[in-house]
Amino acid sequence: MSTPTPTSAKIYSHEPVWDAKRWLPTTADEVSARGWDYVDVVIVSGDAYVDHPAFGTAVIGRLLESEGLRVAILPQPNWRDDLRDFKKFGAPRLFFGVTAGCMDSMVNRYTAAKKLRSEDAYTPGGAHGFRPDYATTVYSQILKKLFPEVPVMIGGIEASLRRVTHFDYWSDTLKPSILAESGADLLVYGMGELPLRETVRLLKRGVPFASLTTIPQTAVLLPPGEDAPKNKNWDDYTLHSHEECQQDRALYSKNFKDIETESNRVKARRLLQPTGERLLVVNPPFPTMTEEQIDAAFDLPYTRLPHPKYRKRGPIPAYEMIKHSLNMHRGCFGGCSFCTISAHQGKFVASRSKASILREVESIKQMPDFRGTISDLGGPSANMYKMKGKEQWICDECVRPSCIWPDVCRNLDTDHTALLDIYESVRNTEGVKHAYVASGIRYDLFLHDKGTTPEVKASHEKYIEELAAHHVPGRIKVAPEHTSDHVLRVMRKPSFNLFYKFKEKFEKAAAKAGKPDMPVTPYFISSHPGSRPEDMADLALKTKDLGYRLEAVQDFTPTPMTVATEIYATGVHPYDGKPVACAHTPEEKQQQRSFFFWYKPEMKAALRSSMQRLGLDDLAARLLDEKKKTRDVTPTPHIAPCGMQAPGSRLAAATAKPKRSRKPAHLDEMLREAGVKTAKDQPPSL
């Protein structure tokens, strides 16, 4: 097989890689080519179809295929014409599966300022207009209208995080469970492999779809007057009704505390919520996936490539960033207030076997454009692989939202030895020149002493040294998120003092490895609940003192089912009911964001005026007048949902439209025309 040039789009027509029969069918012709006269399941997705384990549609499609079902994919159907896309496969024998894609469709399309993003990372060419707002609801409503007798199952992150009454930032309202608005018959939340296998098992036994009301990790909205089905294995907990939440947001806030507490339990209770005349039933989740179960999901026969139908439409930005990467585990016990990972993937970590990871390395090596670099040995947090409680009975009783905040749990085993073994094995694999860690790391996992043995401490020290010596592609990215301790407490993040400690240790390790110019690149968020203008001024001064000039803006975006979003929606913390300062108006958000750009000459007058109004004259003099050598720091965005890294500025620039020359109307436009990346220009993050 000849080798294509790395930058050429010709790889998308390379034979025999682009034999369409290797993908799940996406058209009626592809169904016929397989000799099928019907399909069992049609999966409707807001994303383009990429047959890769980082894309949920591919995982679910391949899993159903492994159960012996005939599966078709309907990616990004046109919802604005005569709906022919929805009709092309006819009625599936079992059900329609609907997902908005790898991201909530509203986060995918809009910035924190509620403006259209510069690109859709999950569409060829980054093009807009290929998915609707609230995609799960729109697709489901269409299917129920066209095929009223066919069950509709919804899943993915949009459905998962909207399974109960939730705050929707884009409409500024409390919405009921997405089951109520979509008309879907069943909701699968979290990672869907286990509930889907159980669903298929029951359907094969002849159980009617309408009777699938007691499958773990699913939710149903029962008909009016119907009680929750009895289940002796589960205790029930009734939440405040949707209508009560609408009338009193304090009750909505209490609901969230109860929901998060149950989601963090090893043995959760079944949640019930009256919604109108109907009862929402959210069944407890399955136990954390075993090594064999998660291996089975990653070992399915993916092509690891986009469907050939996209070869003339340009690259899919999200795929381009992760195609040569691999995900080693799922779940995150960090519990950050602004993050949805634990709410979707779970608090407890499910890790793959070393053998499965090395099999995926071999698969990556067979890709036609692989040149020897594994771009990421990662996960939701890069260094939680194989971590769990030392004594399981303690975890069984625990309801903490985080295992590492406000400090590291003594029962948490933070030994990095297994992870170091993976790193060494991958980088020593024949044909692999580099094996990088691009996912964010949690430095508090190797900078603590709580309950550690000398062996564990040694693994911590070795991890920093191995990371610096072999696994950092030019710079290392970490996420302190803020510098103010009281803001960090709201965020459930460690003190900024720990960042100083990490920076010192890593720079020493990099120098020891002969790489003294390897920078530590931090992420920060503005306008997070708890953050005030004076806190952003503190952030600006501390980063200046570190020699940083921050170029990329990360503005807080309220997304369903996070602590920070509930604070934004109610003004109080759901755990203690105390008021928390929030930036709500565009002017308040812009004021906070402006502190990132203290070094811009055109920004100094406005910043000085703001700081004088806040009584920060001395700080203003230090920030704006003192001369100090600094350097630009332009971090790529946060890790996007499902463990994949959001696209960077290179692809954004390649698909961006020419800027129009016009007078800036407000601060956001002033920043952009001054060459500063604003929230509108940033790909989404959660």
(request) Decide whether N383 and Y443 meet the rule of one side-chain donor and one side-chain acceptor closer than 3.5 Å. (result) no
(message) Regarding T261 and D258, do their side chains bring together a donor and an acceptor under 3.5 Å, going by distance alone?
(response) no
(message) Strictly distance-based, threshold 3.5 Å: is any side-chain N or O of E158 a donor or acceptor partner for the main-chain N or O of T136?
(response) yes
(message) Between the side chains of E67 and K204, is the shortest nitrogen-to-carboxylate-oxygen separation below 4.0 Å, so that they form an ion pair?
(response) yes
(message) Given the ring of Y237, does R270 sit roughly above its face, with NZ or CZ under 6.0 Å from the centre of the six-membered ring and within 45° of the axis?
(response) no
(message) Does the plane of the ring in F499 sit parallel, tilted or perpendicular to the ring in F496? Use 30° and 60° as the thresholds.
(response) parallel
(request) Indicate yes or no for a side-chain donor-acceptor contact from S495 to the backbone of L498 under 3.5 Å, with no hydrogens or angles considered. (result) no
(message) Under a 4.0 Å threshold between the charged nitrogen and the carboxylate oxygen, would E566 count as salt-bridged to K257?
(response) no
(message) If the threshold is 4.0 Å, N to carboxylate O, is there a salt bridge linking R489 and D485?
(response) no
(request) Compare every heavy atom of D535 with every heavy atom of S484, then report the nearest pair and how far apart it is. (result) OG-OD1, 3.2 Å
(message) Closer than 4.0 angstrom, basic N to acidic O: yes or no for E291 and K386?
(response) yes
(message) Check whether S160 reaches the backbone of I157 with its side chain - one donor and one acceptor, N or O, closer than 3.5 Å.
(response) no
(message) On a heavy-atom basis, which atom in L280 and which in R163 lie closest, and how many Å separate them?
(response) CD2-O, 3.2 Å
(message) How close do I294 and A350 get, counting heavy atoms only, and between which atoms?
(response) CD1-O, 3.3 Å
(request) Classify the ring geometry between F55 and Y122 as parallel (under 30°), tilted (30 to 60°) or perpendicular (over 60°). (result) perpendicular
(message) Are more than 12 heavy atoms, taken from residues, nucleotides or ligands other than E277, located less than 6.0 Å from that residue's CD atom?
(response) no
(request) Run the salt-bridge test on D236 and R269 with the 4.0 Å N-O cut-off and return the result as yes or no. (result) no
(request) Answer yes or no: are there more than 12 heavy-atom neighbours, outside K388 itself, under 6.0 Å from its atom NZ? (result) no
(message) Both conditions, 6.0 Å and 45 degrees, for the charged tip of R492 above the ring of Y575: are they met here?
(response) yes
(request) Could you tell me whether the side chain of R410 and the main chain of T452 form a donor-acceptor pair under 3.5 Å? (result) no
(message) Are the side chains of R442 and M384 in contact, using a 4.5 Å heavy-atom criterion?
(response) yes
(request) Answer yes or no: is there a donor N or O on one side and an acceptor on the other, between the side chain of Q141 and the main chain of S182, under 3.5 Å? (result) no
(request) Report the C-alpha distance between M561 and I259 in whole Å, list the side-chain angles of each, state the deciding distance to 0.1 Å, and finish with yes or no for side-chain contact (heavy atoms from CB on, under 4.5 Å). (result) CA-CA 9 Å; M561 208 174 263; I259 292 165; 4.1 Å; yes
(request) Kindly indicate, with the supporting measurements, whether the criterion salt bridge (charged side-chain N to carboxylate O under 4.0 Å, His left out) is fulfilled by D407 and K450. (result) CA-CA 9 Å; D407 50 23; K450 267 193 132 180; 3.3 Å; yes
(request) Could you tell me which non-hydrogen atom of I154 sits nearest to which non-hydrogen atom of A184, and how far apart they are? (result) CG2-CB, 3.6 Å
(message) Do the side chains of R265 and D396 get close enough for a salt bridge, i.e. N-O under 4.0 angstrom?
(response) no
(request) Indicate yes or no for a side-chain donor-acceptor contact from N264 to the backbone of E260 under 3.5 Å, with no hydrogens or angles considered. (result) yes
(request) Scan side-chain atoms only and decide if D376 and S325 contain a donor-acceptor pair under the 3.5 Å cut-off. (result) no
(request) Return yes if some donor-acceptor pair links the side-chain N/O of S337 with the main-chain N/O of V490 below 3.5 Å, else return no. (result) yes
(message) Quick check against the 3.5 Å criterion: does Y463 have a side-chain atom that pairs as donor or acceptor with the backbone of D415?
(response) no
(message) Students often mix this up, so state it plainly: with edges at 30° and 60°, are the rings of F446 and H416 parallel, tilted or perpendicular?
(response) perpendicular
(message) Against the six-membered ring of F338, is K493 placed for a cation-pi contact (under 6.0 Å from the centre, within 45° of the normal)?
(response) no
(request) Starting at OG1 of T199, measure out to CG of L186 and round the result to the nearest 0.5 Å. (result) 6.0 Å
(request) For the residue pair T165 and Q273, confirm or rule out a side-chain donor-acceptor distance under 3.5 Å. (result) yes
(message) Quick check on K267: does its NZ atom have over 12 non-hydrogen neighbours (other residues, nucleotides or ligands) under 6.0 Å away?
(response) no
(message) Using a strict threshold of under 4.0 Å (side-chain N to carboxylate O), is an ion pair present between D133 and R109?
(response) yes
(request) Assess the pair Y568 and Y169: is the distance between their ring centroids shorter than 6.0 Å? (result) yes
(request) Tell me whether the centres of the aromatic rings in H240 and Y252 are closer together than 6.0 Å. (result) no
(request) For S105 and N108, run side chain to side chain donor-acceptor pair (under 3.5 Å): C-alpha distance rounded to whole Å, both residues' side-chain angles, the deciding distance at 0.1 Å, then the answer. (result) CA-CA 5 Å; S105 58; N108 177 281; over 6 Å; no
(request) Look at the side chain of N283 and the backbone N and O of I215, then say whether any donor-acceptor pair between them is shorter than 3.5 Å. (result) yes
(request) Would you tell me whether S356 and S353 have side-chain atoms, one donor and one acceptor, within less than 3.5 Å of each other? (result) no
(request) For residues I404 and C409, determine if any side-chain heavy atom of one lies less than 4.5 Å from a side-chain heavy atom of the other. (result) no
(message) Donor-acceptor pair, distance only, cut-off 3.5 Å: does the side chain of N411 make one with the backbone of E391?
(response) yes
(request) Please determine, by modelled atom types, if T214 and N231 share a side-chain donor-acceptor pair under 3.5 angstrom. (result) no
